[in-house]
Amino acid sequence: MFDYKFLNKMSNETLHKVFLSAFSDYQVKMDLPIWKFKLMLKRRGYVPELSIGAFKGEMLVGFVLNGLRSWNGKPTVYDLGTGVIGEYRKQGVTNGMLLNMKEVLKQRQVKQYLLEVIKSNTSEVEHVNRMDWGQLTDFWDCKSSW
């Protein structure tokens, strides 16, 4: 039903259009101009060869955008964004992308996959008593001024 391909031949402009479409009904507004999208990809270490798309014919309908860095001394892929266009959701697209990516991550000796998700549609605040900043700095978009 869907074809899965790595995104090393996909233009940032096409990714941007699908990104906006996939997040058009998202609880956090994603009104991201192309220049900010490109900057986000660069800052977060986007690796097209480790990122995958789901295609219906020639049309990109879903994506998993990944970065690769060391975290806790281990090669770690960080999910920069996963999205599926609304009409293709609940059809196993994300599962298919992750399964197709799994072998490549093994070959690259990736030891960890880091994914952050929003648990619900309601705002949540979690209090943290202890923060290990050393673990977080590898994933910062930029160095904080504070």
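Worth knowing before you read on, the calculation uses all heavy atoms, side chains too, and leaves out hydrogens, waters and symmetry mates.
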If you round to the nearest 0.5 Å, how far is CE of Met10 from CG of Asn8? 9.5 Å

Which pair of heavy atoms, one from Leu80 and one from Gly67, lies closest together, and at what distance? CG-N, 3.7 Å

Looking only at heavy atoms, which two atoms of Gln91 and Glu87 are closest? And how far apart? NE2-O, 3.0 Å

Where Met97 and Gly62 come nearest, the two heavy atoms and their spacing: SD-C, 3.6 Å

Do Phe55 and Leu99 share a hydrophobic cluster (ILVMFWY, side-chain heavy atoms under 4.5 Å, transitive)? no

Considering all heavy atoms, the nearest Gly53-Leu60 contact: CA-CD1, 3.7 Å

So, Thr14 and Ser11: side-chain donor and acceptor under 3.5 Å apart, yes or no? yes

Can you pull out every salt bridge (charged side-chain N to carboxylate O under 4.0 Å, His left out) where at least one residue sits in residues 10-19? Sequence neighbours excluded, please. Glu13-Lys38

Work out which heavy atom in Leu50 is nearest to a heavy atom in Leu105; give both atom names and the distance. CD2-CD2, 4.0 Å

Interatomic distance, Asn72 atom CG to Lys111 atom NZ [nearest 0.5 angstrom]: 14.5 Å

To the nearest 0.5 Å, how far apart are OG1 in Thr76 and CZ in Arg69? 11.0 Å

Think Lys56 forms a cation-pi with Tyr88, using NZ or CZ under 6.0 Å from the six-ring centre and within 45 degrees of its axis? no

Under 3.5 Å, side chain of Asn100 to main-chain N/O of Tyr4, donor-acceptor pair present? no

Do Tyr78 and Leu39 land in one hydrophobic cluster if side-chain heavy atoms of ILVMFWY residues count as linked below 4.5 Å? no

Just how far is it from atom OH of Tyr46 to atom OG of Ser51, taken to the nearest 0.5 Å? 4.5 Å

Check the pair Val84, Thr94 against side chain to side chain contact (heavy atoms under 4.5 Å, CB included), reporting the backbone distance first and the verdict last. CA-CA 7 Å; Val84 177; Thr94 301; 3.5 Å; yes

Determine, for Arg44 against Asp79, whether the closest basic-nitrogen to carboxylate-oxygen distance falls under 4.0 angstrom. no

Test log, rule side chain to side chain contact (heavy atoms under 4.5 Å, CB included), inputs Leu68 and Arg108: CA-CA 10 Å; Leu68 175 65; Arg108 293 281 295 257; 3.7 Å; yes

Under the ring-ring contact (aromatic ring centres under 6.0 Å, His included) test, residues paired with Phe19 that sit two or more places apart: Phe23, Phe37, Phe63

Please check if Met101 and Leu115 belong to a single hydrophobic cluster, counting links between Ile, Leu, Val, Met, Phe, Trp and Tyr side chain heavy atoms closer than 4.5 Å. yes

Please check: side-chain N/O of His16 versus main-chain N/O of Leu32, any donor-acceptor pairing under 3.5 Å? yes

Between Trp35 and Leu41, is there shared hydrophobic-cluster membership here, with clusters defined by ILVMFWY side-chain heavy atoms closer than 4.5 Å? no

Considering non-hydrogen atoms only, spot the tightest contact between Arg89 and Asp25 and give its length. NH1-OD2, 2.8 Å

Please check this pair: side chain of Ser24 against backbone of Ser21, looking for a donor-acceptor N/O pair closer than 3.5 Å. yes

Quick check for you: to the nearest 0.5 Å, what is the distance between Tyr113 atom OH and Asn66 atom CG? 4.0 Å

Side chains of Val61 and Val18 in contact at under 4.5 Å (non-hydrogen atoms): no

Under 3.5 Å: donor-acceptor pair, side chain of Glu49, backbone of Leu7: no

